[in-house]
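Report on the structure given below.
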Protein chains: 2
Amino acid sequence: MAELGALLGDPARANMLAALMDGRALPAGELAYVARVTPQTASGHLAKLTDANLLALEKRGRHRYFRLASPLVASMVESIMAVAAIQLPARRAPVSYMDDRMRTARTCYDHTAGRLGVGIADAMAACGYVVFGEDGAAITETGTGFLADFGIARDVGRRSRRSFCRPCLDWSERRPHIAGIVGAAILDRCLELGWVEKSKDTRALAITPAGARGLDKTFGIQFSSTTLPTLRRIASVANAAGASSNLNTSRTSGRNAPVR
Amino acid sequence: MAELGALLGDPARANMLAALMDGRALPAGELAYVARVTPQTASGHLAKLTDANLLALEKRGRHRYFRLASPLVASMVESIMAVAAIQLPARRAPVSYMDDRMRTARTCYDHTAGRLGVGIADAMAACGYVVFGEDGAAITETGTGFLADFGIARDVGRRSRRSFCRPCLDWSERRPHIAGIVGAAILDRCLELGWVEKSKDTRALAITPAGARGLDKTFGIQFSSTTLPTLRRIASVANAAGASSNLNTSRTSGRNAPVR
DNA sequence: GGATCGCTTCGGCCGCGGCCGAAGCGATCT
DNA sequence: AGATCGCTTCGGCCGCGGCCGAAGCGATCC
């Protein structure tokens, strides 16, 4: 374990892993760039990570693409990020260097994170569509109906071995968002609707004009045109949701799981 | 994150964290001992871990007790251990220095792990009492009945915000065992029945003679008297379970969740 | 009150590991 | 075939951080 920790403990390697968190494979040169080191230094780091089976290597032509070796590795990195977001700010708040677009909306492995991710989670929680526990989460019966209305089949992932709905701590917002099959399905649906678009070389998600309208109407989340003011927080999201559309069918407060 | 990784990347600190994984608070001297360093070195490490809010400090008399600062930290360490167990053995199999009693049965935060933990999980899975997914797990309806027969109230933890049943990867056995509310309840029940006993200064669990009988009868797990031969693996556990007692009521194979 | 004990702080030693420049190697392009 | 490109290997520099001995400090014991 110490060995693994030491591997994660270098800023260059940590940056590389963070850059790979969405599951894409990146070439060595690009990883050198995100790690802010020369290619030869990066090469050394990548060799270590690959030796430890944290990264998998894919050769293509004269390029060598690296990606996280397994979801287990991703979840390990995620859990460290979560602790890092919560524990350290006291001593080292100064300002994270994460770019604004990343804070707004990004992919986290296969689901949405950032303000978008927690905004969806907050709105759904406020309406009793999802309940969060300390280390688990569940979609309520009314929540299943809501998702069906949103365009996510009721039987999605029923046969899959993955967790259906689980919370994932957001390291920029420091609040949970929705992961698991449901989280992935929500992201897929948003992409399908053309509400958000994946960026080619970062994990950032761009919110389209149609997306801004749709997300406000459905979840009560408002994104201003280009750079965005602060997102309304949970209380106001809940209120707004009550006042606008979709979410206010069978509005029930809090954690009980009303029968549809 | 790199900062956190560096913190975890020192063998001495890693040993300390591992020793605290069951949630107990240990005095500085004892942690120095498990880390195999002098008290003054340990003091430095502990200061760093405490500064980073990974450990919480409790002063009592002239002793200073340290414990993990939060369950989040525990789950982070756990996820690293899980990756360490799976990824590294290829290069560094040579023999773990974990003591045999720890491999047999130990606490993992608040539930059972080691051969005992995975044995229970295997037996229950083989009988369709629990199903494991990639990042989730659930107790089936027959499973709920089985647990009730075992002495665990049907409504245990219903109001808790913790995850009810979740898999936890065992880093000595490299297979999942049962964590969450159910995992904790099973351990509590085993303690209550006098089947296992917590050790004072390690996470090892001692299996009592009554426990050996009970565990065999209920779960089909056999522990020989003192040092134990290899535990029968999943297939044989399933067969044995069919032949002996308790588990064979409404025996159904595999993953379907039969209605009670 | 003095002795002991648990723990911390200080100071200095030393080795591991990250860093880069230079050079090498195979794939690709023209 | 030669030029370029992406990446790796080699070698040497250097600084961070872990380690321990010695000393200090407060609580406890007798």
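In the text below, chain A, chain B and the rest are named by the order of the sequence lines, each starting its count at 1. Side chains are part of it too, since the values below use all heavy atoms of this structure and drop only hydrogens, waters and symmetry mates.
Residue-to-nucleotide proximity on DNA chain D shows that, of A:Pro27 and B:Arg60, the 5′-proximal contact is made by A:Pro27. Ranked by how close their nearest DNA chain C nucleotide is to the 5' end, A:Gly61 and A:Thr38 are led by A:Thr38.
Side chains of B:Ile80 and A:Ile80 form a contact here, defined as non-hydrogen atoms less than 4.5 Å apart. Looking at heavy atoms from C-beta onward, A:Leu17 lies in side-chain contact with A:Leu55 at the 4.5 angstrom threshold.
As rounded to whole Å, 16 Å separates atom P of D:dC25 from atom CZ of B:Arg64. The distance between atom CD of A:Glu58 and atom P of D:dC7, rounded to the nearest whole Å, is 14 Å. Taking atom CD on B:Gln40 and atom P on C:dC13, their separation rounds to 17 Å, with Å as the unit. Put simply, CG on B:Leu7 is 11 Å from P on D:dG17, counting in whole angstrom units. Protein atom NE2 of A:His63 is 17 Å distant from nucleotide atom P of D:dT4, rounded to whole Å. The nearest whole Å value for the distance from the CG atom in B:Leu49 to the P atom in C:dT8 is 12 Å. In this structure, the CG atom of A:Asp51 is 14 Å from the P atom of C:dG17, given to the nearest Å. Summarising the geometry, the separation between NE2 on A:His45 and C1' on D:dT9 is reported as 15 Å, rounded to the nearest angstrom.
If you check C:dA23 for Watson-Crick or wobble pairing at under 3.5 angstrom, you find it paired to D:dT8.
Within the 4.0 Å cut-off from OP1 or OP2 of C:dC19, not a single side-chain nitrogen or oxygen of A:Thr41 is found. Remark: A:Lys48 is in phosphate contact with C:dG18, judged by side-chain N or O atoms under 4.0 Å from OP1 or OP2. An OP1 or OP2 oxygen of C:dC7 is reached within less than 4.0 angstrom by no side-chain nitrogen or oxygen of B:Ser43.
Between the side chain of A:Arg62 and the base of D:dC5, a donor-acceptor pair under 3.5 Å is found.
A:Ser79 and B:Ser75 are not linked by any side-chain donor-acceptor pair at a separation below 3.5 angstrom, with hydrogens and angles left out of the test.
Judged by distance alone, the side chain of B:Thr107 and the main-chain N or O of B:Thr112 form no donor-acceptor pair under 3.5 Å.
One finds a salt bridge joining B:Glu58 and B:Arg67 here, because a Lys/Arg side-chain nitrogen approaches an Asp/Glu carboxylate oxygen to under 4.0 Å.
Residue-level contact check: A:Arg13 touches the backbone only, with heavy atoms under 4.0 Å from sugar-phosphate atoms and none from bases.
With distances taken from any side-chain atom of B:Ala28 to the nucleotides D:dT8, C:dT8, C:dC20, the minimum falls on C:dT8.
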